[in-house]
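Each remark here refers to the structure printed beneath this line.
In this text the structure is predicted, and so the values were computed from the model without any measurement. A, B, ... follow the sequence lines: proteins, then strands. Residue 1 opens every chain. We use all heavy atoms of the structure for the numbers below, so side chains are in, but hydrogens, waters and symmetry mates are not.
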Number of protein chains: 2
Amino acid sequence: MDNDGEWLPQPDVADIQLAKVLHALGDPVRLRLFAIYATGEQYDCSSERLGLGHLHKSTVSHHMRVLREAGLTSTRAVGRNRYVRLRRADLDARFPGLVKALLTAAEGLDDLDDLKPAD
Amino acid sequence: MDNDGEWLPQPDVADIQLAKVLHALGDPVRLRLFAIYATGEQYDCSSERLGLGHLHKSTVSHHMRVLREAGLTSTRAVGRNRYVRLRRADLDARFPGLVKALLTAAEGLDDLDDLKPAD
DNA sequence: TTAACTGTTGGATATCTGTCCAACAGTCTC
DNA sequence: GAGACTGTTGGACAGATATCCAACAGTTAA
């Protein structure tokens, strides 16, 4: 029951702080996760699928938490999986043009094509 | 002689990395300095004039160095002063729209009106 | 030349952070 | 229920960082 899962805690739109957002993105791993989430909702947090095979699962979990607490992502817990998506609308409302500029700037960082939402 | 001063070392445009830029701006003090420099070239690094009276001068010097080494600012040393300005053209060329979006987002962080370049 | 001024550098320190590991909780499958 | 699976949490630890202070170098002024 409750198939929709529960939402992990995240800051309110009005409480999203620019400095914290930039701090969260000021790490290569999280910047990559940000670019990945921007391609669509992700439902598999395993390091391998995210192209972060070299990182321990708890490390990836840590980075996802930082992103969520900064207000960048929303996470829904369903069963043993986590559905993570970018809070695009919230971010656009709060910081117009920022996400778009960041994604443009982040293009070509790595090969992100392999990481589009599967099927 | 050499009244123009010398330029402190800074990365080449092509070497400016997004993650480093965001890391540099992911600190409240440096985000404030960024917004200040965006209003025009600054030629006084004293904490007081920058609205950072609570910080030691060596701390401010440290933050300015981080901004410069990330590729965000240019610094010219003339006499005992430092003329710091945002590398707006370089940043716009490398990350189109990013600076504009950041400045829009940073508006209203504090009262920056008092810090426009004096006379 | 002596003194004041601006900013840098190195040391010290407390805090933060990225990473791994082990243990755990909840979930799914057999 | 037993075991496999996904992800979280707490501990440990090395490295980074923000801050201050003292000392210094170069510059300007008296």
Considering just the side-chain nitrogens and oxygens of [X], establish if one lies under 4.0 Å of OP1 or OP2 belonging to [N].
{"X": "A/Ser61", "N": "D/dT8", "result": "yes"}
{"X": "B/His63", "N": "D/dT19", "result": "yes"}
{"X": "A/His54", "N": "C/dT19", "result": "no"}

Review point. A/Thr59 or A/Gly79: which one's nearest nucleotide on DNA chain C is closer to the 5' end?
Key: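 Upstream on the strand: A/Thr59.
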Whole-Å distance between [N] [atom2] and [X] [atom1]?
{"X": "A/His23", "N": "D/dA16", "atom1": "NE2", "atom2": "P", "value": "15 Å"}
{"X": "A/Arg65", "N": "D/dT8", "atom1": "CZ", "atom2": "C1'", "value": "8 Å"}
{"X": "A/Arg76", "N": "D/dG7", "atom1": "CZ", "atom2": "P", "value": "14 Å"}
{"X": "A/Glu6", "N": "D/dG7", "atom1": "CD", "atom2": "P", "value": "16 Å"}
{"X": "B/Leu25", "N": "D/dA18", "atom1": "CG", "atom2": "C1'", "value": "16 Å"}
{"X": "B/Lys57", "N": "C/dA4", "atom1": "NZ", "atom2": "C1'", "value": "11 Å"}
{"X": "A/Asp27", "N": "D/dT17", "atom1": "CG", "atom2": "P", "value": "11 Å"}
{"X": "B/Leu8", "N": "C/dT9", "atom1": "CG", "atom2": "P", "value": "9 Å"}

Practice item. Over all heavy atoms of both residues, which pair between B/Arg82 and B/Gly79 is shortest? Give the atoms and the distance, please. Key: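 Closest pair (atom of B/Arg82, atom of B/Gly79, distance): NH1-O, 3.8 Å.
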Point to revise | Closest non-hydrogen atom pair, A/Met64 against A/Thr73 | key: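 Closest approach of A/Met64 to A/Thr73, heavy atoms only: O-OG1, 4.2 Å.
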Exercise for review: Find out whether B/Leu33 and B/His63 are in side-chain contact, i.e. whether some heavy atom of one side chain is under 4.5 Å from a heavy atom of the other.
Suggested key: yes
Review point. For B/His62, which contact category applies under a 4.0 Å heavy-atom criterion: base, sugar-phosphate, or nothing?
Key: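 Here B/His62 touches the bases of the nucleic acid.
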Practice item. May I ask you to say whether A/Asp90 pairs ionically with A/Arg94, meaning some side-chain N is under 4.0 Å from a carboxylate O? Key: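 So A/Asp90 does not pair with A/Arg94 through a salt bridge.
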Study note, to complete from the structure: Sorted by position of nearest nucleotide on DNA chain D, 5' first, the leading residue of B/Val66 and B/Ser58 is B/Val66
Of the listed nucleotides ([options]), which one gets closest to any side-chain atom of [X]?
{"X": "B/Arg30", "options": "C/dT8, D/dA18, D/dT8", "value": "D/dA18"}
{"X": "B/Leu55", "options": "C/dT9, D/dT19, C/dA22", "value": "D/dT19"}
{"X": "B/His56", "options": "D/dT19, D/dC21, D/dT8", "value": "D/dC21"}
{"X": "A/Asn81", "options": "D/dT19, D/dT6, C/dT8", "value": "D/dT6"}
{"X": "A/Arg80", "options": "C/dT8, D/dA4, D/dT28", "value": "D/dA4"}
{"X": "B/Arg82", "options": "C/dG26, C/dT6, C/dG7", "value": "C/dG7"}

Practice item. Start with the C-alpha distance between B/Ile16 and B/Phe95, add both sets of side-chain angles, then the distance that settles side-chain contact (heavy atoms from CB on, under 4.5 Å), and finish with yes or no. Key: CA-CA 10 Å; B/Ile16 300 178; B/Phe95 309 124; 3.8 Å; yes
